[in-house]
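The structure appears below as structure tokens.
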Amino acid sequence: MMKQSVLYAPTLKEAPKNAEVKSHKLLTRSGMIKQTAAGVYSYLPLGHRVMKKIEAVVREEHDQIGCSELIMPALQPRDLWDESGRWDDFGPALMRLKDRKERNFCLGPTHEEVITDLVRDVIDSYKKLPLALYQIQTKYRDELRPRFALMRGREFVMKDLYTFSDSQEDLERWYERVSEVYTRIFKRVGLDTRIVASDTGDIGGDQAHEFMVMSEVGEDTITYCEACSYAANQEHSGLDDGDECPECGGRITTAMGIEVGNIFKLGTKYSESMNAYFTDRDGKRKPLIMGCYGLGVSRTLMAAVEQHSTDESIVWPKAITPFDIHILPLALNDDEKRETSEEVQTTLGAHFDVLYDDREERPGVKFKDADLIGIPYRVVLGKALEEGKAECIDRYTGETELVPLEDLVAFFQKKIA
RNA sequence: CGGGAAGUAGCUUAGCUUGGUAGAGCGCUUGGUUUGGGGCCAAGAGGUCGCAGGUUCAAAUCCUGUCUUCCCGACCA
């Protein structure tokens, strides 16, 4: 249970003028994030809670398929990037800096180099494979143009997973498995994704796919077939509206999408350049076969708001809501009703994550703030208290029910469990 | 990095063309009133007008430079 009076959630009546897209306006107005510099944001308590919820889903799903979590440094020495050749190849998007002794470092935009360095001394036999390691970490990219708040930041939170296999077949299996897990994760956090074929870009490798959330504010153009399941990033396919589908000859359509995840079959690019070899069953030294899989956590948050909101309010998907239930006591100046309200808060708080709006504010203020904050279930304690009831609002359906106070726990157990 | 726009109180902004005491709404403080969708009344606090230089008796306003931010494009989780 959290009292709203002590929660730092500075809501705004008006959106700052630099906010353009709906999700940016709402995240700012609801007091979830605050800009610190272009493309750099602070996550305030509510936004942080949502991030942790998303991360929890990501962790659960990854652990379930045998991945283990670790954490690698954001600050990385140039040497490793010289080994892979990416100190030069990555270009100006690599955030570079020097220490006091003039040694070169970068802030990691991704961790292929570090993870390869991490395992190469240890993984010397096929018996130690496969291996799947992931982290959830802040990444840095010196973007030419950050935009739409968390959509394209210069600092952002990403989950990155790396797999090491002793055969192409094993890599294929991981690729498939992670692909399924991604679809499941996005579904759980309330996003419908479409898997599209893509280029491998700077990361390198043989094959790659992206997970796209269809949205007007997306930065990528997706080409897909109206007849079959063919879908690809337009950069990759080169197709355009009205073209013929390369798979079935059907008609191609385009749409905008937000890239929330990507998966790459890296192969041996990093293991060869960085000398990460193992000894196989046949006694031969072979380079580790790698895969890497990114999932934009902060971007997922942004996409979720974009998909689950109106201009004035958010309704968080269950899995990532900052709280389960928002209690709005409207009769705090009536001693009897205030006591009853506090009892309700204690009872519900014992079973659910509850936000209790104990502020001395007028009802209108509480309602508006609650709409912005976006908690899906709301309990209004006001007039109906006289009949021993609470107004329970299911914001997914918009339905309101008068529920006797003693039935509240059971009522929400049905909804939330 | 090219093209466009904007920096005035915590937020939204007026004033700038035509130089002359920096104004409003929201928010904040105090008192009163109100109490189911951002109430009302009264009294307050809060500003190096992004920064630096220049022109001028005088600059938020004109000129130059610079920084920051946003949008479009080229590059990308």
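Naming: A, B, ... by sequence-line order, numbering from 1 per chain. Values below: every heavy atom of this structure, side chains too, minus hydrogens, waters and symmetry copies.
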Rounded to whole Å, the OH-P distance (A:Tyr293 to B:A77) equals 16 Å
Base, sugar-phosphate, or nothing for A:Tyr140, non-hydrogen atoms under 4.0 angstrom?
-> nothing
- Query: Which value, in whole Å, describes the distance between the P atoms of nucleotides B:U8 and B:U13?
  - Reply: 9 Å
*Give a yes or no on whether the ring-centroid distance for A:His24 and A:Phe148 is below 6.0 angstrom.*
no
The Watson-Crick or G-U wobble partner of B:G65, with both key distances under 3.5 Å, is B:C51
Whole-Å distance, A:Met151 CE to B:C70 P, equals 14 Å
message = With the stacking rule set at 5.5 Å and 30°, tell me whether A:Phe156 counts as stacking on B:A77.
response = yes
inquiry  = Taking the C1' atom in each of B:U69 and B:A77, what is the distance between them to the nearest angstrom?
reply    = 23 Å
Is any side-chain N or O of A:Arg154 closer than 4.0 Å to OP1 or OP2 of B:A77? no
Write down the distance separating the P atoms in B:G20 and B:C63, rounded off to the nearest Å. 15 Å
Could you tell me if A:Glu210 and A:Asn262 have a donor-acceptor pair between their side chains, going purely by distance under 3.5 Å? no
Over all strands shown, is A:Glu391 touching base, sugar-phosphate only, or nothing at heavy-atom distances under 4.0 angstrom? base
Ranking A:Ala15 and A:Glu219 by the position along RNA chain B of their nearest nucleotide, the one closer to 5' is A:Ala15
Is the closest side-chain donor-acceptor distance between A:Gln4 and A:Asp358 under 3.5 Å? no
**Asked** Within less than 4.0 Å of OP1 or OP2 of B:C75, is there a side-chain N or O belonging to A:Arg147?
**Response** no
Output yes when at least one side-chain N/O atom of A:Arg141 is less than 4.0 Å from OP1 or OP2 of B:A77, else no. no
- Query: Is a side-chain donor-acceptor pair under 3.5 Å present for A:Lys22 with A:Ser309?
  - Reply: yes
- Which part of the nucleic acid, if any, lies within contact of A:Gly294, taking any heavy atom under 4.0 Å across all strands shown: a base, the sugar-phosphate backbone alone, or nothing? nothing
Which part of the nucleic acid does A:Met302 contact within heavy-atom distance under 4.0 Å: base, sugar-phosphate only, or nothing?
nothing
Paired to B:G2 by Watson-Crick or G-U wobble criteria (both distances under 3.5 Å) is B:C72
Original post:
Quick one: are A:Thr223 and A:Asp240 in side-chain contact, heavy atoms under 4.5 Å?
Top reply: no
A:Glu360 CD to B:G38 C1', in whole Å, measures 17 Å
Under-4.0 Å salt bridge between A:Asp241 and A:Arg251:
no
Taken to the nearest whole Å, CD/A:Gln137 to P/B:A77 is 17 Å
Open item on the list: Please give the distance between the P atoms of B:G3 and B:A45 as a whole number of Å.
Closed with: 47 Å
Margin query: Under 4.0 Å, heavy atoms only, any strand: does A:Lys139 hit a base, just the sugar-phosphate, or nothing?
Written below: nothing
- request: Determine the Euclidean distance between corresponding C1' atoms of B:A52 and B:C71; express it in Å to zero decimal places.
  value: 28 Å
Note to self: For the C1' atoms, the ones on B:G19 and on B:G54, what distance do you get once it is rounded to whole angstrom?
What the structure shows: 15 Å
query: Do A:Lys53 side-chain atoms and A:Thr321 backbone N/O form a donor-acceptor pair below 3.5 Å?
result: yes
Report task. Mind checking A:Leu372 for me? I need base, sugar-phosphate or nothing, with any heavy atom below 4.0 Å counting as a touch. Result -> base
Any side-chain donor paired with an acceptor under 3.5 Å for A:Tyr224 and A:Thr254?
no
Taken to the nearest whole Å, CZ/A:Arg359 to P/B:U35 is 20 Å
Short side-chain N/O contact from A:Lys17 to OP1 or OP2 of B:C70, under 4.0 Å: no
Self-check item: Rounded P spacing from B:C75 to B:C67 in Å
Solution: 26 Å
Check: For A:Glu14, which contact category applies under a 4.0 Å heavy-atom criterion: base, sugar-phosphate, or nothing?
Finding: base
Under 4.0 angstrom, heavy atoms only, what part of the nucleic acid is A:Ala38 near: base, sugar-phosphate, or nothing? sugar-phosphate
Taken to the nearest whole Å, CG/A:Asp142 to P/B:A77 is 15 Å
When rounded to whole Å, the CG to P distance for the pair A:Leu385 and B:U35 reads 17 Å
Does the side chain of A:Arg145 get closer than 4.0 angstrom to OP1 or OP2 of B:C75 through an N or O atom? no
Note to self: Does A:Asn333 reach a base, just sugar-phosphate, or nothing at all? Heavy atoms under 4.0 Å.
What the structure shows: base
Give me the distance, rounded to whole Å, that separates B:A14 from B:A74 when you measure between the C1' atoms they each carry. 38 Å
Heavy atoms only, 4.0 Å cut-off, all strands: where does A:Val380 land among base, sugar-phosphate and nothing? base
